[in-house]
Every structure is written in C-alpha cells, then in structure tokens.
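Structure, as structure tokens:
Here is how names work: the chains are called A, B, and so on, in the same order as the sequence lines, proteins then strands, and each is numbered from 1.
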There are 2 protein chains.
Amino acid sequence: MLSKKTKYGIKALVYLAKQENRAPVQISVISQSENISRKFLESILLTLRKNGVLGSKKGKGGGYYLLKDPKNIPMTDVMRLLEGPIAMVPCVSLNFYEKCDDCPDENACAVHKIMLKVRDNTLEIFRNTTLADLSN
Amino acid sequence: MLSKKTKYGIKALVYLAKQENRAPVQISVISQSENISRKFLESILLTLRKNGVLGSKKGKGGGYYLLKDPKNIPMTDVMRLLEGPIAMVPCVSLNFYEKCDDCPDENACAVHKIMLKVRDNTLEIFRNTTLADLSN
DNA sequence: GCATTATCCTATTAAATCGATAGGGTAATA
DNA sequence: TATTACCCTATCGATTTAATAGGATAATGC
C-alpha cells in the first residue's frame, strides 16, 4: 500500500510542476489546494528539499520550487525518497537489499522468483515516467 | 511491502504443490521445512482452506492438501486472499475499490494515473503466473 | 532597523497493523 | 478409546503511520 506521505509528495510535486514560472509556492497554498494537512506536507517537502528535488526560500514571497525540469525527475527518484524500496520484498530490492531470515537459498525461493518479476516491471514504469508525464 | 502472511502462504502452497501425491501434509512439517512459526502458519492455512484453496483432514495422518491442480491456481487468487488489494492505492483497486478523501476528481489525479499503470502491469504478472510456475 | 512572513526543526502522540503466541476444543483415525 | 492434528478465539508487544504542537531561524519589504 502506498503511504500517504508518498501520495501527498507526488501531488505536491505535480502541483509545482504545473506552475508556469519557477516562483516559490507557499506550503499552505499547496496544502489547501490539494487537501493535505499543512504540517504533514511541511515535513514531506522538507525531505524533498534535503534530497535535491526542491529548493526553498524563506521570508515573504518564499516557498518551495522545483530545482530541475520535470522531464528530468523520474518517479523512481520520488518513490525511493518518500516510499523507500520499490520491491515488495527486501531480498529483491536493488537499493534496499536485505537477506531473508528464513530463506536458505534465495534462488530457490518461489517468492523471490515472482517478486523479482514484479519489481522489474514496476521499476520500468517508474523509470519511464517523469514528473512531466504526470503533469499533463 | 509484502506481508509475512502472504510470503509464508506462498511458500506453504509451493511446498504442497511439490508433493508427488495429494496426501495431507501436517502443519508442523511445512513449518519446520520452511522456517515458519507453527502457530502463525496454522492461521494462514486456515484462511486458505476457508477460501477453497486447500482441503484438510483431521486426526492421525491428517494435514493440508491442495484442492486444485497447481496449474489452475493463479497468483491473483493467493494475493487477494492473503495480502488483500493488488493495487497500491484503493482508488485503482478492482476488488477493493475505495474513493480517496482528498481527490475531487479521480481522472485528474496524477497518483491515480501512475498507480493504474502499475496495477495493470502487476495484475498481468500475477494472472499469468500459477502455483505450478512457481513450483519448478 | 523592524515587523512580518514563511521555512526549519524536534518532539510527541493516537491509532492501526503486524507478527507472533497461548490455550484449549473438536473431530477423525488406528 | 487414546492419540493425533486440525480448529478457533483471544491477546500482546513492537513497529509504523499520519498527524499535531510549538517554537527557532532566516529573509523580505517597508
């Protein structure tokens, strides 16, 4: 299940991508427009800023803005930042790999086999979908 | 993230599918072989039995066994029984649909758009993968 | 300069879910 | 008729999630 954190993050990013200019947008503007808890959204945007997706400006006329062209922001980046692993099981995760306690042999594991397929497929979609694609 | 419930359930089903005959297998045998908590596995197999995937036999020589040919058990069935919705967001779920509180218009929602793609793709994989495929 | 604005940061919390455990009841078999 | 093994309910600790609170800090415009 997708967390609200990720869901809200994507919505906020799309909102920013739809802005004509790159002028900063206040948290409260996005939060009201997208029906997101202001404080919760605040922490999400902070994460995105700390990881180089967003820039911010303090004081009057401040807010958040995209640092890159939406075309250059693949969903893989967003998902990994906010949601964490894309794979459904740690043992098939590229960026968050973990061995299973129970499995003696990963290659013989049926769960591993099917979830690897799912991950490959999902990954492909997220890789080929950019923020620009979602903003149309 | 895939729950251990589903993970264990798949492993148990594969174990049963690998049996040459359809003789009942005791919970404890599967639990030991697959490194699964006996009691936890018990509740999982019970769910699978109540939903027509497994049959059971009480008393000496009893245990669980598959009711259908592994070829006729698609992973969609297993996933929906144990994990619940296949979609990452309720608003794109076929069997567990729910409207989002925040979204005024589903068709205009970016999250909806991308997650629909992911669901279609994942669903296709689960549909085309049977228990028999995982048991080889 | 100074008041205003809006981000920045830490801590807390209520609720839900997950994984596991406990303990006995019931039915079938040999 | 004793044994075996599934059946059923209840509980519990740990973790995660979503949200909230309260103030510190920095930048802007007048």
Side-chain angles (χ1 to χ4, degrees), chain A residues 1-12 16 23-32 34-51 53-67 81-85 88-90 96 98 100-102 111, chain B residues 1-12 16 23-51 53-67 82-85 88-90 96 98 100-102 111:
Chain A
M1 186 71 57
L2 194 76
S3 70
K4 300 223 168 177
K5 185 177 166 188
T6 307
K7 184 184 174 192
Y8 293 164
I10 294 175
K11 284 192 168 191
L16 289 175
V25 180
Q26 297 168 32
I27 298 176
S28 55
V29 171
I30 306 178
S31 119
Q32 280 174 37
E34 301 298 319
N35 296 308
I36 304 171
S37 150
R38 196 201 163 285
K39 278 293 192 177
F40 191 23
L41 179 60
E42 194 174 322
S43 72
I44 296 168
L45 297 183
L46 204 56
T47 303
L48 291 170
R49 195 218 50 164
K50 283 184 179 171
N51 287 280
V53 179
L54 295 179
S56 69
K57 206 180 162 190
K58 286 185 182 180
K60 204 170 210 170
Y64 283 94
Y65 53 91
L66 288 178
L67 281 180
L81 275 179
L82 298 177
E83 191 73 7
M88 294 183 81
V89 187
F96 299 83
E98 255 177 75
C100 295
D101 294 332
D102 43 314
V111 177
Chain B
M1 187 68 59
L2 192 77
S3 68
K4 300 223 168 180
K5 186 177 164 188
T6 307
K7 185 183 174 194
Y8 293 163
I10 295 175
K11 284 193 169 193
L16 289 175
V25 180
Q26 298 170 30
I27 298 176
S28 57
V29 170
I30 305 177
S31 122
Q32 281 175 34
S33 166
E34 300 298 320
N35 295 309
I36 305 171
S37 151
R38 196 201 163 287
K39 279 293 194 178
F40 192 23
L41 180 60
E42 195 175 322
S43 72
I44 297 169
L45 297 183
L46 203 56
T47 303
L48 291 171
R49 194 217 51 163
K50 283 183 179 170
N51 287 281
V53 179
L54 295 180
S56 67
K57 206 180 159 190
K58 285 186 182 177
K60 202 170 210 170
Y64 283 96
Y65 52 91
L66 289 177
L67 281 179
L82 299 177
E83 191 73 8
M88 294 183 80
V89 187
F96 300 83
E98 256 178 73
C100 294
D101 295 333
D102 43 311
V111 178

When rounded to the nearest 0.5 angstrom, what is the spacing between SG in Cys100(B) and NZ in Lys7(A)? 3.5 Å
Going 5' to 3' along DNA chain C, which nucleotides are the first and last within contact of chain A (any atom under 4.0 Å from a heavy atom)? dT5(C) to dC9(C)
Trace of the side-chain contact (heavy atoms from CB on, under 4.5 Å) decision for Asp101(B) with Asn35(A): CA-CA 9 Å; Asp101(B) 295 333; Asn35(A) 296 308; over 6 Å; no
Applying side-chain contact (heavy atoms from CB on, under 4.5 Å), name anything that partners Leu81(A), two or more places apart in sequence or on another chain. Leu48(A), Asn51(A), Val53(A)
Tyr64(B) vs dC7(D): side-chain N/O to OP1/OP2 distance below 4.0 Å: yes
Between P on dC7(D) and CG on Leu45(B), what's the gap in Å once rounded to a whole number? 9 Å
Check side-chain contact (heavy atoms from CB on, under 4.5 Å) between Glu34(B) and all other residues, then give those that pass, not counting sequence neighbours. Lys11(B), Tyr15(B), Ile30(B), Ile36(B)
Could you write nucleotides 17-29 of chain D as a row of B, S and -, 5' to 3', where a protein heavy atom under 4.0 Å of any base atom gives B, of only sugar-phosphate atoms gives S, and otherwise -? -SSBBBB-BSBSS
Spacing between Lys50(B) atom NZ and dT9(D) atom C1', to the nearest angstrom: 10 Å
Test of understanding: with side chain to side chain donor-acceptor pair (under 3.5 Å), list the residues that count as partners of Glu83(B), not counting sequence neighbours. Ser3(B), Thr6(B)
Let me confirm one number: the CG-OG distance from Asp102(B) to Ser37(A), rounded to the nearest 0.5 Å. 11.5 Å
In Å, rounded to the nearest 0.5 Å, how long is the span from CG of Leu54(A) to CD1 of Ile44(A)? 11.0 Å
Identify, with sequence neighbours excluded, every residue that meets side chain to side chain donor-acceptor pair (under 3.5 Å) alongside Arg38(B). Glu42(B)
Separation of Ile30(B) atom CD1 from dA5(D) atom C1', in whole Å? 13 Å
